[in-house]
Participant: 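Okay, here's the structure, questions in a sec.
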Amino acid sequence: MKDLQTSITYYRERLGFQLDFQGPDDGPFWAGVSRDGIGIMLKAIAPDVLPCPNHTRHEWAPPDAHIYSMDPDALFGRVRPARRVVRKEVVVHRRGAVGL
């Protein structure tokens, strides 16, 4: 995304998310928004770099999409029965962050 604050505002005002965090304090480029126990991490990119999937920029790069949950077991339980396609196993990090 080109403008983090615009994205945060969109997620909050149009989609009903809450802002969980943003940083660093001296020039935020990273934030987390959540709704209904599920969060999405947002990251700003340089103005001269167009948004695109990581693998199109660097063949070796993993996907750059992250969700987080305070209850990762419940999240996984909701995804698996719905037969959602999970291309990569869920990786649980400290404080409940989940990377796909």
Side-chain angles (χ1 to χ4, degrees):
M1 77 194 60
K2 291 185 177 185
D3 186 306
L4 181 65
Q5 296 307 315
T6 299
S7 295
I8 291 170
T9 299
Y10 179 82
Y11 274 87
R12 291 179 71 199
E13 294 180 5
R14 301 288 303 258
L15 302 176
F17 282 71
Q18 68 180 30
L19 177 64
D20 296 329
F21 60 87
Q22 65 178 316
D25 291 337
D26 62 341
F29 63 87
W30 185 56
V33 294
S34 66
R35 178 179 161 185
D36 301 327
I38 304 298
I40 302 171
M41 293 184 191
L42 307 173
K43 179 177 73 173
I45 57 174
D48 59 335
V49 177
L50 295 175
C52 67
N54 272 359
H55 74 278
T56 62
R57 190 180 321 277
H58 305 289
E59 185 177 308
W60 50 264
D64 192 17
H66 300 278
I67 59 172
Y68 58 95
S69 171
M70 295 312 290
D71 188 353
D73 292 329
L75 172 61
F76 188 72
R78 286 171 48 189
V79 170
R80 176 161 253 155
R83 300 186 188 275
R84 301 284 191 263
V85 175
V86 177
R87 292 179 27 190
K88 190 172 180 180
E89 285 300 312
V90 174
V91 178
V92 179
H93 304 281
R94 65 187 170 106
R95 287 198 254 162
V98 177
L100 295 178

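Residues take their numbers from the sequence shown, with the count starting at 1.
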Participant: By the definition side-chain contact (heavy atoms from CB on, under 4.5 Å), identify the one residue from Thr9, Ile8, Leu15 that meets it with Arg12.
Facilitator: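 It is Ile8; the other options fail the test.
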Participant: Kindly give the heavy-atom pair with the smallest separation between Leu19 and Ala31, and that separation in Å.
Facilitator: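 Closest approach of Leu19 to Ala31, heavy atoms only: CD1-CB, 4.2 Å.
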Participant: Under the side-chain contact (heavy atoms from CB on, under 4.5 Å) test against Phe17, which residue among Leu42, Ile40, Ile38 passes?
Facilitator: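 Exactly one candidate clears the test, Ile40.
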Participant: For the residue pair Trp30 and Gln22, establish whether any side-chain heavy-atom pair is separated by less than 4.5 Å.
Facilitator: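 Of all side-chain heavy-atom pairs linking Gln22 with Trp30, none is under 4.5 Å.
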Participant: With rounding to the nearest 0.5 Å, note down the distance linking OG in Ser34 to CZ in Phe21.
Facilitator: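 It is 9.0 Å, given to the nearest 0.5 Å.
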Participant: Atom OG of Ser7 and atom NZ of Lys43: how far apart are they, to the nearest 0.5 Å?
Facilitator: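 Spacing of OG (Ser7) from NZ (Lys43) equals 13.0 Å.
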